[in-house]
Every structure is written in C-alpha cells, then in structure tokens.
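What follows is one structure encoded as structure tokens, with my remarks underneath.
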Amino acid sequence: MKKIAVLTSGGDAPGMNAAIRAVVRSSLHYNMKTYGVMDGYKGLVEDNIFELDRNHVTRIINRGGTVLGSARYPEFMEKNVQKTAADNLKKRGIEGLVVIGGDGSFKGALALSQFGIKTMGIPATIDNDIASTDYTIGFFTALDTAVSSIDKLRDTSFSHQRCSVVEVMGRHCGDLALYAGIAIGSEFIITPETGFDHDLTIKEVKASFDRKKRHAIVVVTEKMTDVNQLAKDIEKATGHDTRATVLGHVQRGGTPQAFDRVLATEMAERAVELLHLGSKQHIIALKGKEIIHIPTEEALAMKKETPAKRYGLVGQLRN
Ligand code: F6P
C-alpha cells in the first residue's frame with residue numbers, strides 16, 4: 001500500500017490529534033503517503049482531502065480537539081453517498097483509511113470496506129462506550145476534567161452545607177459518572193446501568209446529611225433525569241440548599257493527559273502497520289496492557305460490560 005487517508009468523526013475527543021500525528025509519522029516509516037480528510041465523512045464525500053506531511057502534525061500531540069475537524073454526518077448511511085466517498089479515495093490511489101471515532105464512525109468504515117477500501121478504526125470518544133476496548137482515547141482526559149470541576153463544586157458545597165447535583169456526559173454509558181463518582185467520593189451516582197430511583201436518591205442524600213455531613217454530591221449521567229428538578233426535590237426533602245450543575249461540552253476539550261496520548265500513539269501505530277500489511281478491516285483496541293485488533297463486524301457486535309463491583313463501591317463507601 002502506498003497511500004492512506006485519516007479522518008476524525010463524531011464527537012471530538014482529547015487525544016485525537018496525537019492519533020493523527022502517529023498515523024502520519026508511522027506511514028512515513030512504512031514509506032506510505034498520508035492524506036488528511038477534513039470534517040470526517042462529510043469531507044470525504046465533499047472531496048475535502050489533502051496530503052499531510054510530517055510538518056502538518058508538528059506540535060499537535062498536546063492539543064485538544066482535532067486539527068482535521070469532525071462532524072456528525074447521518075447522510076453517510078446512504079449507499080450512493082458511501083460510493084462517492086470511496087471514489088474520492090480511489091481516484092487519488094488511496095487504498096486504506098484510518099477512522100478515528102466511535103462505534104457510529106466504525107459502521108461508516110465497515111460500509112466503505114464494502115467498496116474496496118481497507119479500513120482501520122481507532123476508538124476515540126470521551127464516553128468510553130466502545131465494547132471492544134477497555135478504554136477509549138479521550139476518556140481519561142474528560143474524566144480528569146469532570147473530577148477537577150466537581151472538586152471545585154465540593155469546596156463551595158461544603159462551605160454552604162449544600163447538595164450538588166452534577167450532570168456529566170456519557171450518552172448511553174455511565175462510565176464517566178461512575179469513575180468520577182468514585183474519584184470524588186460522591187454520595188450517589190445515577191447512570192444508565194444503575195437506572196434512576198427518585199425516592200432512593202433523596203433517601204441517600206437525606207441519610208448523609210443526617211450523619212452530619214456538611215455536603216452531598218450526586219453525579220448523574222446526562223439524559224437520566226432533569227437535574228434541575230431533582231435538585232429542587234432534594235432541597236425540599238432535606239431542607240439543604242441544592243444546586244444543579246451541567247458540566248456539558250467543557251468535558252470534551254482541553255489538553256489530552258499523558259495516558260490518552262500514549263494510547264492514541266500506540267493504537268495509531270498498530271492501525272498503520274495493519275494497513276501496510278494489507279489487512280482489510282479491523283478495530284484497534286486495548287485489552288489489559290495489550291493493543292489488539294478485532295475484525296470490525298465482530299467488534300461492533302460486542303456488548304460493553306462494566307464490573308458490577310465498581311458500582312457497589314459507591315454505595316459501600318458512602319459513609
Ligand atoms: O459522544 C460524545 C458526546 O459528548 C456525548 O457524551 C454526548 O451525548 C454527545 O457527544 C453530545 O453530542 P453533540 O456535541 O453533537 O451535542
């Protein structure tokens with residue numbers, strides 16, 4: 001293989017730039033040219049593709065976001081749109097594509113491989129919701145952002161003897177809330193995996209104030225409940241002022257922390273090596289300490305499992 005392309009797709013994640021850099025630098029190692037695609041699959045269809053050399057990726061390893069831009073592009077489900085994208089690669093003699101993103105982006109990669117393009121998926125999303133890998137690029141940076149924000153909330157919550165209800169991102173996955181909840185010693189977490197029990201939440205917060213704690217923190221995965229309403233209900237039931245905070249997109253930005261950069265670099269190196277060897281379509285993953293690769297269809301069929309014991313920890317250590 002002489003030419004490959006790289007794109008970032010879906011919600012951006014800290015560490016995507018480190019992956020792009022490693023794709024370019026590894027390709028040079030194998031004497032392959034790399035092309036960058038702007039704004040994910042949208043740019044691929046609109047032919048927004050340009051050659052990347054080593055200088056394009058200088059000093060991006062530490063930058064948040066993605067220098068290639070990203071987009072959500074549901075139009076890519078259509079066969080004729082996929083064909084246009086594949087044709088845009090083929091006319092330049094590009095045979096392989098590295099897709100940095102989440103499961104949705106990998107479905108696009110699978111579709112493209114049916115048009116003869118070899119594709120490698122690198123899991124990057126703050127949600128850590130990809131079943132085939134232990135951790136995704138960006139998760140730990142977002143977690144650090146959530147934790148440092150909640151630490152700040154705790155300072156003021158303690159001073160005023162308040163309860164803080166904090167909404168974090170995660171889409172359908174509770175990992176950000178779970179890990180943040182453990183890391184800040186929250187009273188209660190509400191995630192898609194735990195479900196939302198309104199009365200139990202209030203009971204636990206009340207019990208914690210009854211134990212003479214000066215503050216309480218409830219961490220909630222987005223979309224689980226209306227956090228402003230929950231704050232009002234907690235305030236009414238406990239008599240303690242309660243404030244809701246939605247952390248929002250601040251969790252997606254910022255300098256990637258070291259582990260995300262290392263993970264991104266190792267995964268990208270593997271993706272490029274596999275393209276160089278002529279592999280057809282795989283998802284790169286972290287299993288334990290190993291970087292592995294799994295056929296895309298198999299990876300997409302996997303179901304995510306978070307150890308139940310980790311959820312137990314929050315309740316067990318509440319006192
Ligand atoms: O997938 C990353 C993520 O930040 C989710 O946590 C969140 O649900 C979603 O993207 C938000 O998407 P958007 O930035 O398109 O509003």
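First listed ligand is number 1; within each ligand, the first listed atom is number 1. The first residue of the sequence shown is numbered 1, and numbering continues consecutively from there. Here the structure is a predicted model, which is why all the values come from computation and not from measurement.
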Subject >> Heavy-atom donor-acceptor pair, Q251 side chain to G248 backbone, under 3.5 Å >> reply: yes

Original post:
Is it true that K304 and D129 have a side-chain N and a carboxylate O under 4.0 angstrom from each other?
Top reply: no

Original post:
Among R252, H249, E222, whose heavy atom sits nearest atom 7 (C) of ligand 1?
Top reply: E222

**OP:** Among all protein heavy atoms, pick the one closest to atom 6 (O) of ligand 1 and tell me residue, atom and distance.
**Re:** D127 OD1, 2.6 Å

Original post:
Salt bridge or not for K232 and E235, using N-O below 4.0 Å?
Top reply: no

Subject >> Residue portion contacting ligand 1 (non-hydrogen atoms closer than 4.0 Å) for R72 >> reply: side chain

Subject >> Salt-bridge contact K33-D53 (side-chain N to carboxylate O under 4.0 Å) >> reply: no

Original post:
So, for A85 and F76, which heavy atoms are closest and what is the spacing to 0.1 Å?
Top reply: CB-CE1, 3.6 Å

Original post:
Considering only heavy atoms, does K223 approach ligand 1 within less than 4.0 Å through its side chain, its backbone, both, or neither?
Top reply: side chain

Original post:
Do ligand 1 and M169 have nitrogen or oxygen atoms that lie under 3.5 Å from each other?
Top reply: no

